[in-house]
Every structure is written in structure tokens, then in C-alpha cells.
Asks: 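Handing you a structure now.
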Amino acid sequence: MTKLILGGLAALLVLASVVLWMLRPGTQRVEGSMAPDFSLTDQHGKMHRLGDYAGRWLVLYFYPKDDTPGCTQEACRFRDDIGVLGDLGATVLGVSVDDTRSHAAFARKYQLPFPLLSDPDGRTAADYDSLLNLGLVKFARRRTFIIGPDGRIAARFDKVDPALHVQEVAHTLRTLQRATQ
């Protein structure tokens, strides 16, 4: 009986170690560093690269899964305030590991006016320290990056409240733009 209990405890310790290893933070992309390049396809099959947005403000937001409550709320908030962000000269791109078909259905269902980029292998999410890799399952972490016209990360948001996030992004964008004038 003691051997069985000790064996179970050892297995739990190994499992806990594996889970903690998978949840460890990656390379932190700090404000002021160059934004990692990407080349991803959107829901319409169009390729998007970081260089396509050179000289403009870019809001790159990562989200876990199409058509789930928090992700839908966040996407719809970006949709509803796309004019405010556009008036600030910013382009919005959403990124998750879902495929382009899923993105197309999600964008159509909620009339999302911005590209949703498919990152099926999670490479771009990992480059932005936004990948949650649970071994067999990968998700993008809910994080947002404001990339400046110079291609550098101007702001990053690691703690995102889907209900309030877009207002926070707009406020930060205004502040950043005032600082660079």
C-alpha cells in the first residue's frame, strides 16, 4: 500500500513538473524591441506580413479561440471601436491558432471588419511570447501588442479584460502618438 501511495505521489510530481514546464514564460518581447516578423494568412486567404504595415500603427491582438465568449466579446469590442482606432491611424489584426475556415465563419457571424490571421503552428504566437502549449493542444494567450510605425513594440498588454481592453488600447495609442509628436 505504501509503495502504491509513493508511486502515485511520484507520478503527480512528474505531472506537475511537466505542466509547470509547459506554462513557463518564453522570451519576453519588451517595449522598444523590434517586433518579430510574421507571414500569416487571413480569413480571405490573403497573406499579411509585418512589413505590410511599416510606417503605420498596428494593433496585433492574440486570442485563444474563435467563437468563444471572451474572444467574441473582445473581437466585437474591436469591431465596435474600429472607427476610433482608425481615426488614430491604427490597423487591427487578430491572431489565433484556429484555421482560416474557422476565422471566416467567426468574422462572418459577427461582421468583423478586420483581418483574423491564422497561426496554425503557433510560431508567431510563440515569437510574441503569446503561445500556451499544452503538448497536444496549443492556444494563443490573450495578449495585445501596439507596434509603432518604426516596427518596434510600443506597448504590450499581458492582462487583458475583453470588456475594457479596446478603450485601454485607444488611450495608450493616443498617449504614444502625443509622445512622438
Side-chain angles (χ1 to χ4, degrees), residues 25-44 46-66 68 70-100 102-103 106-107 110 112-133 138-162 164-177 180:
T27 304
Q28 186 86 2
R29 294 293 174 174
V30 297
E31 294 172 357
S33 66
M34 290 303 294
D37 198 12
F38 59 83
S39 191
L40 299 172
T41 306
D42 72 10
Q43 70 267 32
H44 304 294
K46 181 181 177 197
M47 184 63 67
H48 295 259
R49 293 172 184 79
L50 179 61
D52 298 340
Y53 302 94
R56 297 185 278 171
W57 291 95
L58 177 63
V59 175
L60 187 68
Y61 85 94
F62 292 85
Y63 65 98
K65 188 99 178 102
D66 289 336
T68 56
C71 298
T72 298
Q73 183 179 36
E74 184 177 21
C76 289
R77 297 286 180 172
F78 274 113
R79 176 200 65 203
D80 295 345
D81 285 341
I82 196 74
V84 171
L85 296 170
D87 288 347
L88 292 169
T91 300
V92 174
L93 299 176
V95 182
S96 84
V97 298
D98 292 323
D99 62 29
T100 56
S102 176
H103 283 343
F106 183 47
Y110 295 102
L112 303 178
F114 49 85
L116 298 176
L117 307 182
S118 178
D119 183 21
D121 62 6
R123 187 175 304 140
T124 298
D127 287 347
Y128 280 84
D129 188 35
S130 299
L131 184 67
L132 179 58
N133 186 350
K138 294 178 183 179
F139 293 101
R141 295 176 191 256
R142 193 178 309 281
R143 292 197 172 139
T144 299
F145 297 82
I146 297 176
I147 300 171
D150 60 356
R152 294 184 179 278
I153 295 172
R156 68 177 280 152
F157 303 86
D158 293 333
K159 305 249 189 277
V160 174
D161 177 350
L164 304 172
H165 185 53
V166 176
Q167 290 80 10
E168 184 181 21
V169 168
H171 173 75
T172 302
L173 250 161
R174 282 187 199 96
T175 303
L176 289 166
Q177 290 174 350
T180 59

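Because the structure is a prediction, the values reported are computed rather than measured.
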Asks: Under a 4.5 Å cut-off applied to non-hydrogen side-chain atoms, are Phe106 and Thr72 in contact?
Replies: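 Yes, side chains in contact.
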
Asks: Would you please name every residue forming a side chain to side chain donor-acceptor pair (under 3.5 Å) with Ser118, sequence neighbours left out?
Replies: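 Once residues adjacent in sequence are excluded, Ser118 has no partner under the side chain to side chain donor-acceptor pair (under 3.5 Å) criterion.
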
Asks: So which of Ile153, Val95, Leu58 actually passes side-chain contact (heavy atoms from CB on, under 4.5 Å) with Phe145?
Replies: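 Only match with Phe145 under side-chain contact (heavy atoms from CB on, under 4.5 Å): Ile153.
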
Asks: Which atoms form the tightest heavy-atom contact between Pro64 and Cys71, and what is the distance?
Replies: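 For Pro64 versus Cys71, the nearest heavy atoms are CD-SG, 3.3 Å.
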
Asks: My understanding is that only residues two or more places apart in sequence, or in another chain, count here; which of them pass ring-ring contact (aromatic ring centres under 6.0 Å, His included) with Phe139?
Replies: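 Phe139 satisfies ring-ring contact (aromatic ring centres under 6.0 Å, His included) with no other residue.
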
Asks: Identify, with sequence neighbours excluded, every residue that meets side chain to side chain contact (heavy atoms under 4.5 Å, CB included) alongside Gln73.
Replies: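 Gln73 satisfies side chain to side chain contact (heavy atoms under 4.5 Å, CB included) with Arg77, Pro162, Ala163 only.
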
Asks: So which atom in Leu176 and which in Ala155 form the shortest heavy-atom distance, rounded to 0.1 Å?
Replies: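 Here Leu176 and Ala155 meet closest at CD1-CB, 4.2 Å.
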
Asks: May I have all residue pairs that pass salt bridge (Lys or Arg N to Asp or Glu O under 4.0 Å) and include part of residues 31-43, sequence neighbours excluded?
Replies: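 For residues 31-43: none.
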
Asks: Mind checking what makes side chain to side chain contact (heavy atoms under 4.5 Å, CB included) contact with Asp150, not counting sequence neighbours?
Replies: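 Partners of Asp150 under the side chain to side chain contact (heavy atoms under 4.5 Å, CB included) test: Arg152.
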
Asks: If we ignore hydrogens and angles and just use 3.5 Å, is the side chain of Tyr128 paired with the main-chain N or O of Pro36 as donor and acceptor?
Replies: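 A pair under 3.5 Å: yes.
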
Asks: Could you check if a side-chain atom of Phe157 sits within less than 4.5 angstrom of a side-chain atom of Ile146, using non-hydrogen atoms only?
Replies: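 Yes, close enough: below the 4.5 Å cut-off.
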
Asks: What residue pairs, at least two apart or across chains, pass salt bridge (Lys or Arg N to Asp or Glu O under 4.0 Å) with a residue in residues 48-66?
Replies: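 Qualifying pairs, neighbours excluded: Lys65-Asp98.
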
Asks: Looking at Arg123, I want to see if its CZ is surrounded by more than 12 non-hydrogen atoms of other residues, nucleotides or ligands under 6.0 Å.
Replies: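 Not more than 12 within 6.0 Å, no.
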
Asks: Hey, does Pro115 have a side-chain heavy atom less than 4.5 Å from the side chain of His48?
Replies: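 The answer is yes, as the side chains (C-beta and beyond) meet within the 4.5 Å cut-off.
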
Asks: Backbone N or O of Val166 within a donor-acceptor pair of the Asp81 side chain at under 3.5 Å?
Replies: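 No, Asp81 side chain to Val166 backbone: no donor-acceptor pair under 3.5 Å.
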
Asks: Taking atom CG of Leu85 and atom CZ of Arg79, what is their separation to the nearest 0.5 Å?
Replies: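 Result: 13.5 Å between the selected atoms.
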
Asks: Atom CG in Leu40, atom OG1 in Thr124: separation rounded to 0.5 Å?
Replies: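 With rounding to 0.5 Å, CG (Leu40) is 4.0 Å from OG1 (Thr124).
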
Asks: So, using ring-ring contact (aromatic ring centres under 6.0 Å, His included) as the criterion, who are the partners of Tyr53 when residues are at least two apart?
Replies: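 Listed in chain order: nothing, the list is empty.
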
Asks: Please identify each residue that fulfils salt bridge (Lys or Arg N to Asp or Glu O under 4.0 Å) with Asp161, with sequence neighbours left out.
Replies: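 Here no residue qualifies.
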
Asks: Minimum heavy-atom separation for Pro113 and Ile82, please, with both atom names.
Replies: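 Pro113 and Ile82 have their closest heavy atoms at CG-CG2, 4.1 Å.
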
Asks: Report the residues that fulfil side chain to side chain contact (heavy atoms under 4.5 Å, CB included) with Val97, sequence neighbours left out, ordered by chain and then residue number.
Replies: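 So Val97 forms a side chain to side chain contact (heavy atoms under 4.5 Å, CB included) with Leu131.
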
Asks: Output the distance between atom OG (Ser130) and atom OH (Tyr61), rounded to the nearest 0.5 Å.
Replies: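 Result: 13.5 Å between the selected atoms.
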
Asks: Supply the atom-to-atom distance Thr91 OG1 to Leu60 CG, rounded to the nearest 0.5 angstrom.
Replies: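 Answer rounded to 0.5 Å: 11.0 Å.
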
Asks: Ala125 and Phe62: which non-hydrogen atoms are nearest, and at how many Å?
Replies: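 Result for this residue pair: CA-CE2, 3.6 Å.
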
Asks: Under the side chain to side chain contact (heavy atoms under 4.5 Å, CB included) test, which residues partner Thr41, sequence neighbours left out?
Replies: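 Expected list: Met47, Thr100.
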
Asks: Would a 4.5 Å heavy-atom cut-off, applied to side chains only, mark Leu112 and Phe78 as touching?
Replies: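 No. Closest side-chain heavy atoms not under 4.5 Å.
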
Asks: Starting at NZ of Lys138, measure out to CG of Asp119 and round the result to the nearest 0.5 Å.
Replies: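 Lys138 atom NZ to Asp119 atom CG measures 9.0 Å (nearest 0.5 Å).
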
Asks: Just how far is it from atom CZ of Phe38 to atom CG of Leu93, taken to the nearest 0.5 Å?
Replies: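 Result: 5.5 Å between the selected atoms.
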
Asks: Could you work out, with side chain to side chain donor-acceptor pair (under 3.5 Å) as the rule, every residue matching Arg174, not counting sequence neighbours?
Replies: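 Testing Arg174 for side chain to side chain donor-acceptor pair (under 3.5 Å), a comparison that skips the adjacent residues, returns none.
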
Asks: Considering all heavy atoms of both residues, which atom of His165 and which atom of Thr144 are nearest to each other, and what is their separation?
Replies: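 In this case the closest contact between His165 and Thr144 is NE2-OG1, 2.7 Å.
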
Asks: Side chain to side chain donor-acceptor pair (under 3.5 Å) with Glu74: which residues, sequence neighbours excluded?
Replies: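 Checked Glu74 against side chain to side chain donor-acceptor pair (under 3.5 Å); matches are Arg142.
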
Asks: Applying side-chain contact (heavy atoms from CB on, under 4.5 Å) to Val59 and Leu173, what does each step give before you reach the verdict?
Replies: CA-CA 9 Å; Val59 175; Leu173 250 161; 4.0 Å; yes

Asks: Could you tell me which non-hydrogen atom of Gly94 sits nearest to which non-hydrogen atom of Tyr63, and how far apart they are?
Replies: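 That closest heavy-atom pairing would be C-CE2, 4.0 Å.
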
